[in-house]
2 protein chains.
Amino acid sequence: MTRSISPNDLMIRRLQSIHPLSNEEVRALGELPLEVASLESGHDIVRMGDRPKQCCVVIEGCTCIYKLTSEGGRQIMAIHVPGDIPDIQSLHLGLMDFGLAAISACTVGYIPHEKIQQMCEAHPRLGVALWRETLIDAAIYRDWMLNIGQREAFGRVAHLVCELMVRLKAVGLTEGDSFKFPVTQANLADAFGISSVHMSRVYGALAASGLLKVTRSRIQVLDWDELLEAGDFDPTYLHLEKSAPA
Amino acid sequence: MTRSISPNDLMIRRLQSIHPLSNEEVRALGELPLEVASLESGHDIVRMGDRPKQCCVVIEGCTCIYKLTSEGGRQIMAIHVPGDIPDIQSLHLGLMDFGLAAISACTVGYIPHEKIQQMCEAHPRLGVALWRETLIDAAIYRDWMLNIGQREAFGRVAHLVCELMVRLKAVGLTEGDSFKFPVTQANLADAFGISSVHMSRVYGALAASGLLKVTRSRIQVLDWDELLEAGDFDPTYLHLEKSAPA
DNA sequence: CGGACATTTGAACACTCTCAAGATTTGTGG
DNA sequence: CCACAAATCTTGAGAGTGTTCAAATGTCCG
């Protein structure tokens, strides 16, 4: 079912989903050299304080951006799926103000900053596409802040499931009404700003309401309309070229 | 004390604080045409769903970015001070996914997108500076998410006061250990994801602890070291060229 | 089949909320 | 310059959502 995809393809799909690209631009993206690596869950890809000289592309699995408080709390502020470039901001913000880690077993690719810079000079519209990508990252942060600050835990979870469904569909990684999602509840709890105990209870409530069916490696949406309602979800902030869900 | 500042000057100061600029670049920024307007608190500058053809620069007072839930909750996800360009993202993200409003009486300036585009073509390094500015906006979102998701209300407020002190100092708008801040507690509550009743209690607690002295239009820091501690504050995420506080 | 890790469940507690009333401050008109 | 209206802030009390601690159950991998 999952035919072998060239490592660059998912990144191209992702960029195409937010910005029209010419054949030549697609070719330029396809020619970016990608050093592929397999990581186990929990692996720190880039640490706060680092000054990376390359960008990371997610090829398989999920990564996250996180920060810690001095009290030991961890907030996950972004979850990445295949095609995403989690640390694209390092191109112009040398010093990392957050950590980037794998939250599932995953495959990533590394591209030297230098190669990206050269590509942007040769194809200025790709530079704009990347800028736009960073702006959409920010739009997602805004939506997460609304989610965390104003909704109860039940709604927060519903909202994220809607978001993931739409983002994964845009790169062709949904399978009907479900998608692969091997992220632990403890990690999700850190993304919602709740305890892992409560996370378990909320998942239970979502299942009891007949909205979702969840296993350790997959989420299945049983009632998309009710889920949209529960998550108060509007995909505008994802700024996709065309965004029709499930 | 506050000698008359040209409307463009604060924006230039802000950009200089995050990116070195040549004299020629400063001149180009100074020549941007700015249509100045006075707004009263509560005025909506740009609405969600709009497609603005200009950017807004804050000259005096405070503006905020916000989103609403269908339940009527409002989350403020950014507060802007003079020199900031709140909707700079509209340059490459045509559709507004958030609202921009004045949260104090304020003076703003409008610059047509077209003029900014022309400036970026003539001075590519200014384009990079603006990209960098949007990346720092995102870095601030990340920090707010950590604040809202992982800290108790007391720490959230302490953290924001630290941030404002540093940002205002960078554009020369602090007065010793205090700064002008005519924002209501109800607005702040929406920024912290708490009720206005609790906001009042937290301000009380901060004052009782001897960290702050607050009036309706001004915040005075009484104990900077304790405030840093209480807010668990590290200014790295602001990405200022040199960031020495109070 | 054992062991590490992840999830579930119960119970007491805490931070924050809502509702409601009272106290202050600010702005405006006389 | 005073008086009143509107907005903002403060304070009290009861209710909730989510927390912590602790132990039991379940799942995956070597």
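Here the structure is a predicted model, which means the values were calculated and not measured. Naming: A, B, ... by sequence-line order, numbering from 1 per chain.
- In this structure, the CZ atom of R218(A) is 19 Å from the C1' atom of dA6(C), given to the nearest Å.
- Between the C1' atom of dC28(D) and the CZ atom of R216(A) lies a distance of 7 Å, rounded to the nearest Å.
- Between the side chains of S70(B) and D232(A), a donor-acceptor pair is found at a separation under 3.5 Å.
- No hydrogens or angles considered: nothing links the side chains of T134(A) and D137(A) as a donor-acceptor pair under 3.5 Å.
- Between E40(A) atom CD and dC28(D) atom C1' there is a gap of 15 Å when expressed in whole angstrom units.
- Here Q185(B) reaches the OP1 or OP2 of dT10(D): one of its side-chain N or O atoms lies under 4.0 Å away.
- Taking the six-membered ring where the residue is Trp, F233(B) and W224(B) present perpendicular rings, their angle passing 60° and hence far from 30°.
- Salt bridge R47(A)/D50(A): absent, no basic N to carboxylate O contact under 4.0 Å.
- In this structure, R156(B) forms no cation-pi arrangement with F192(B), as its terminal cationic atom is not both closer than 6.0 Å to the ring centre and no more than 45° off the ring axis.
- For the helix from dC1(C)-dG30(D) to dG30(C)-dC1(D), the end axes, each set by the C1' atoms of five terminal pairs, are bent relative to each other by 50° (nearest 10°).
- Judged by distance alone, the side chains of N147(B) and R142(B) never bring a donor and an acceptor atom under 3.5 Å apart.
- Rounded to whole Å, the distance from CD on Q150(A) to P on dG18(D) is 13 Å.
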Taking N or O atoms only and anything under 3.5 Å, show me the protein contacts with nucleotides 12-19 of chain C, one pair per line.
{"from": "dT16(C)", "atom 1": "OP1", "to": "A153(B)", "atom 2": "N", "distance (Å)": "3.0"}
{"from": "dT16(C)", "atom 1": "OP2", "to": "H198(B)", "atom 2": "NE2", "distance (Å)": "3.2"}
{"from": "dT16(C)", "atom 1": "O5'", "to": "H198(B)", "atom 2": "NE2", "distance (Å)": "3.4"}
{"from": "dC17(C)", "atom 1": "OP1", "to": "S195(B)", "atom 2": "N", "distance (Å)": "2.9"}
{"from": "dC17(C)", "atom 1": "OP2", "to": "S195(B)", "atom 2": "N", "distance (Å)": "3.1"}
{"from": "dC17(C)", "atom 1": "OP2", "to": "S195(B)", "atom 2": "OG", "distance (Å)": "3.0"}

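- Between S200(B) and dC9(D), a side-chain N or O to OP1/OP2 separation shorter than 4.0 Å is absent.
- When every heavy atom of L146(B) is checked against every heavy atom of M77(A), the shortest pair comes out as N-CE, 3.9 Å.
- Regarding Y203(B), its OH atom lies at a distance of 15 Å from the P atom of dT8(D), rounded to whole Å.
- With respect to the salt-bridge test (charged N to carboxylate O, under 4.0 angstrom), the residues E175(B) and K180(B) do not qualify.
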